[in-house]
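In what follows, a structure is listed as structure tokens, so that the remarks can point back to it.
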Amino acid sequence: MKLASLGVITVALGIGLGLPGLIGIGIWWILLGPVMRQHGKSLTERQKESPDGKPPADLGTFLYGTLLWALLAVPSLIVGILLLGIDADHEAWRWLPIAVGGLAAAIGGVALLLYSMGNAAQAYADKIGVPESAATIWIEKVTETGTYINERPRMEFELRVEPDAGTGLASYQVTKKATVPFTAMSGLRVGDGFRALVVGAENPTAMEIHWDQPVAGSGAPAGDVTARLEALDRLRTDGRVTETEYAEQRARILGTL
């Protein structure tokens with residue numbers, strides 16, 4: 001149930017039972033509800049725009065979200081625990097603000113834990129290196145995982161990584177899962193590849209794949225090209241690619257002939 005809707009119900013209960021504590025905390029939930037809803041929508045939109053489909057993890061976003069959960073949790077817990085505006089005859093109603101406040105505190109605590117874990121993972125990544133060496137990754141096998149992130153398919157690849165000359169890195173093989181944008185789906189053919197930035201064999205899965213920079217292999221059979229064009233047509237029919245993206249991908253597929 002949405003927070004603002006719960007606030008309306010709580011205010012109505014407070015008025016009916018004559019409990020100013022419920023009225024006050026209900027009004028607070030009504031005021032806070034739209035703010036939290038807007039924050040959630042903003043996170044969803046930014047996640048969809050993220051190349052890897054991950055939610056934003058910058059400090060400002062985290063602090064703002066934490067503040068909102070605290071503004072929900074602390075007043076609710078204070079009203080419930082201290083029985084502010086709730087008389088002894090209706091003491092059971094204290095558990096409504098306690099439950100809401102406890103849930104908000106738990107969500108905020110989980111967010112703090114996840115953010116801390118993310119920072120630890122980033123620190124480890126910085127320690128072992130970040131993808132900065134140019135390379136071409138060649139697809140040797142690709143399979144579906146059945147998982148989708150922001151409606152983007154999660155695929156598992158067996159790749160041959162060939163760093164560019166001058167990077168000082170040797171070629172290596174790696175199995176990696178990646179979330180693929182729909183605009184790149186038509187290029188997922190064994191023997192073809194993409195440009196990428198990599199760390200090297202010491203951290204083989206660490207790479208930044210440039211899905212907008214496909215690299216054609218030795219050529220595609222006509223039947224395979226037909227299948228890829230049909231798949232691209234379905235994406236356009238479903239509205240998952242724009243006309244510009246459709247034209248670019250069609251040209252790339254035909255260019256493999």
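Hydrogens, waters and symmetry mates are skipped; everything else that's a heavy atom, side chains included, is used.
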Supply the atom-to-atom distance [X] [atom1] to [Y] [atom2], rounded to the nearest 0.5 angstrom.
| X | Y | atom1 | atom2 | result |
| --- | --- | --- | --- | --- |
| Ile137 | Leu197 | CD1 | CG | 10.5 Å |
| Thr175 | Glu158 | OG1 | CD | 4.5 Å |
| Leu31 | Met36 | CG | CE | 13.5 Å |
| Thr143 | Leu188 | OG1 | CG | 11.0 Å |
| Ile27 | Leu32 | CD1 | CG | 13.5 Å |
| Leu77 | Ile81 | CG | CD1 | 5.0 Å |

Please say yes or no: joined through hydrophobic side-chain contacts below 4.5 Å, possibly via intermediate residues, are [X] and [Y] part of one cluster?
| X | Y | answer |
| --- | --- | --- |
| Leu83 | Val100 | yes |
| Ile86 | Leu13 | yes |
| Leu82 | Trp95 | yes |
| Leu6 | Val79 | yes |
| Ile9 | Trp28 | yes |

Mind checking side chain to side chain contact (heavy atoms under 4.5 Å, CB included) for [X] and listing every partner two or more places apart, or none if nothing turns up?
| X | result |
| --- | --- |
| Val142 | Ile139, Met155, Phe157 |
| Pro204 | Tyr172, Val174 |
| Glu162 | Trp138, Arg160, Ser171 |
| Leu169 | Ser133, Pro163, Thr167, Val198 |

Inset, instruction - Walk me through it: do Ile30 and Val11 pass the test side-chain contact (heavy atoms from CB on, under 4.5 Å)? - result: CA-CA 9 Å; Ile30 293 171; Val11 170; 4.0 Å; yes

Legend entry - Side-chain donor-acceptor contact under 3.5 Å, Ser76 with Trp29: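 Indeed, the side chains of Ser76 and Trp29 share at least one donor-acceptor pair under 3.5 Å.
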
Inset, instruction - Would you check if there is a donor-acceptor pair between the side chains of Arg154 and Thr179 at a distance under 3.5 Å? - result: yes

Decide yes or no for [X] and [Y]: does some side-chain heavy atom of the first lie under 4.5 Å from some side-chain heavy atom of the second?
| X | Y | result |
| --- | --- | --- |
| Gln38 | Val35 | no |
| Arg152 | Val180 | no |
| Glu156 | Glu144 | no |
| Pro181 | Asp212 | no |

Inset, instruction - Please list, chain by chain and in numerical order, all residues satisfying salt bridge (Lys or Arg N to Asp or Glu O under 4.0 Å) with Glu91, sequence neighbours excluded. - result: Arg94

Legend entry - Non-neighbouring partners of Asp87 that pass salt bridge (Lys or Arg N to Asp or Glu O under 4.0 Å), sequence neighbours left out: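 Asp87 satisfies salt bridge (Lys or Arg N to Asp or Glu O under 4.0 Å) with no residue once adjacent residues are dropped.
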
Legend entry - Any pair counted as salt bridge (Lys or Arg N to Asp or Glu O under 4.0 Å), so long as it reaches residues 21-38, sequence neighbours left out: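 Listed by first then second residue: nothing to list.
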
Legend entry - Pairs where residues 164-173 contributes a residue and the test salt bridge (Lys or Arg N to Asp or Glu O under 4.0 Å) is met, not counting sequence neighbours: Asp164-Arg195

Legend entry - side-chain hydrogen bond (donor to acceptor under 3.5 Å, both in side chains) partners of residues 9-23, not counting sequence neighbours, each pair once: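 Listed once each, the pairs would be none.
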
Distance-only check: which donor-acceptor pairs under 3.5 Å involve side-chain atoms of residues 65-74, not counting sequence neighbours?
unit_1	atom_1	unit_2	atom_2	d
Thr66	OG1	Phe62	O	2.8

Legend entry - Main-chain N/O of Asp233 paired with Thr237 side-chain donor or acceptor, under 3.5 Å: yes

Inset, instruction - Walk me through it: do Trp93 and Leu17 pass the test side-chain contact (heavy atoms from CB on, under 4.5 Å)? - result: CA-CA 10 Å; Trp93 287 105; Leu17 298 172; 3.2 Å; yes

Legend entry - Pairing residues for His210 by the ring pair (Phe, Tyr, Trp, His ring centres under 6.0 Å) criterion, not counting sequence neighbours: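 If we apply the ring pair (Phe, Tyr, Trp, His ring centres under 6.0 Å) test to His210, skipping adjacent residues, there are no hits.
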
Inset, instruction - Could you list the residues that satisfy ring pair (Phe, Tyr, Trp, His ring centres under 6.0 Å) with Tyr64, not counting sequence neighbours? - result: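 Per chain and number, Tyr64 pairs via ring pair (Phe, Tyr, Trp, His ring centres under 6.0 Å) with His39.
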
Inset, instruction - Over all heavy atoms of both residues, which pair between Met207 and Val161 is shortest? Give the atoms and the distance, please. - result: CE-CG2, 4.1 Å

